[in-house]
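Structure first, then comments.
In what follows, every chain begins at residue 1, and chains take the letters A, B, ... in the order their sequences are listed.
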There are 2 protein chains.
Amino acid sequence: MTTRPEPVYLKIKNELLDRIRNGELRPGDKVEHEEIIAQQYDCARATVHRAIRELAEEGYVERKRRAGTRVASAGTRATRVTIPLVRQEIEERGASYRFTVLEQSVRETPQAIAENLGVERGTKALYLRCVHFASDIPFQLEERWINLEMVPEAEHANFDQINPNEWLVQSSPYSEAAHFFSAQNANAEQASTLNVLENDALFVIERRTHLGGKAITYAQLLHPGANYRMTAKNFSFSTKN
Amino acid sequence: MTTRPEPVYLKIKNELLDRIRNGELRPGDKVEHEEIIAQQYDCARATVHRAIRELAEEGYVERKRRAGTRVASAGTRATRVTIPLVRQEIEERGASYRFTVLEQSVRETPQAIAENLGVERGTKALYLRCVHFASDIPFQLEERWINLEMVPEAEHANFDQINPNEWLVQSSPYSEAAHFFSAQNANAEQASTLNVLENDALFVIERRTHLGGKAITYAQLLHPGANYRMTAKNFSFSTKN
DNA sequence: ATTTCTAATATGTCCATACATATTCAATCT
DNA sequence: AGATTGAATATGTATGGACATATTAGAAAT
């Protein structure tokens, strides 16, 4: 198998990472200066810099000017989590997707929701409740509030063909989002909607979406715990293997 | 307030991100070529390259040679999750930390565990069960298996002063880890240990740790759902604000 | 019309150099 | 001793050039 030449910065990065992983370089240890590594690999300092900068971004080393680079103290691990669109997630499992809107009404926001939307309590907002099915089995219950001050068109939007999340993604694709993950017991209503038993554990994703400091929407996405498992992916891989 | 001059690559990155966020650049739209942007900002192409490369790593744009750069189709969002050491997590909440080892024994691995450890079913491994307390309230129940083929010292390690996770982190700080998140109902034993009711929802973190393709340990970290909420952090911020 | 080849092109990597800036360490002054 | 100052130094950003490589669009051949 002819292997394409690995970029030098990746080679340096991976070899450093290996040394960190196998314990040759331990937390607190100093990493050689960029210039010295550049000599060792016979490359430019910028190339070494990129390698070590990426390791720093991924949390493996810590850098300080003049002080140099040290292996970071281990323990806390940063991983990458991808929150997909429900439809994608379902179709990737080889199941067919459909959804139904159980409720769609303009309501006064209760305290907890108002806080999440950053509006005064009692401000009118669009409340939505949907179920998303994977091959006709309930997969996700979505309870959503949309800030009509930010997205007034939502009030008369039609969610027969397109689900609220995808509709919102169209209107402002890359708004800023904050996510929280937790576990809850299903209440009677949630249980019957998701076709599980009351008190069954649910995996909950909360999402708050902003644009320019103002909240667009707040959603709770509830999944039957028995089916649902979220996977975190690592940042970098030593290609050696 | 005298503000230090923003690096050019960040200025470019943030201004592009703003254009993507506010909808001026929509998914599928082409971003100007690096050389053109370099002219606009009167900087080198390498500077533009870094700005756009970071946007690509964070999932905002997609790049192809010759084809150019396009705003990525929105929807799936990548976020960063940090899994801290229990002790840190508890102390950061201003609570005092202590833990107790409920069980520590060498056992034959059952099927499910053997799969996670990548060993033959029935291989001996160290089984550990610990509770971690936040100001004397049970915070996390840890059920762990350690592969003694990889870490034989663990068999006679003393977990009175240092908890198993921190002990393992010392022995191989930056092994590779895979994480999974899910929700489970507490069984009777878990419930009494965590001082919650049977069937209460638990937030579960599973962690599988490898080194050079071989599993070191597999752990389930169970948290009472009522207390626990995991927060995902975004990658980049437009500094404009 | 379809396939095959070829040239154009935008991104990907890299270099050699330069200067900026945070931080340390040592020398100097109180 | 303690505070202040200043030089040394490792990283951070940037330049302007070069070549590599994937991919596309168009030309040529079937």
Per the side chain to side chain donor-acceptor pair (under 3.5 Å) rule, which among A:Arg87, A:Glu89, A:Gln88, A:His132 passes with A:Tyr97?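 Result: among A:Arg87, A:Glu89, A:Gln88, A:His132, A:His132 is the only option passing the side chain to side chain donor-acceptor pair (under 3.5 Å) with A:Tyr97.
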A quick test of your reading: do over 12 heavy atoms of other residues, nucleotides or ligands sit less than 6.0 Å from [atom1] of [X]?
X: B:Glu91; atom1: CD; answer: yes
X: A:Asp42; atom1: CG; answer: no
X: B:Glu35; atom1: CD; answer: no

Pair B:Phe133 and B:Phe99, ring centroids less than 6.0 Å apart: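 They do not qualify: ring centres at least 6.0 Å apart.
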Using the test side-chain contact (heavy atoms from CB on, under 4.5 Å), find all partners of A:Ser135 that sit at least two apart in sequence or belong to another chain.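 In terms of side-chain contact (heavy atoms from CB on, under 4.5 Å), with neighbours along the sequence ignored, A:Ser135 is linked to A:Ala95, A:Ser96.
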Bend angle of the helix from C:dA1-D:dT30 to C:dT30-D:dA1 from five-pair axes at both ends, rounded to 10°?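 The value is 10°.
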Heavy-atom protein contacts under 4.0 Å, nucleotides 9-15 of chain D, coded B base, S sugar-phosphate only, - none: BBBBBSB
For residues B:Gln39 and B:Tyr41, is any side-chain donor paired with an opposing acceptor at under 3.5 Å?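 No.
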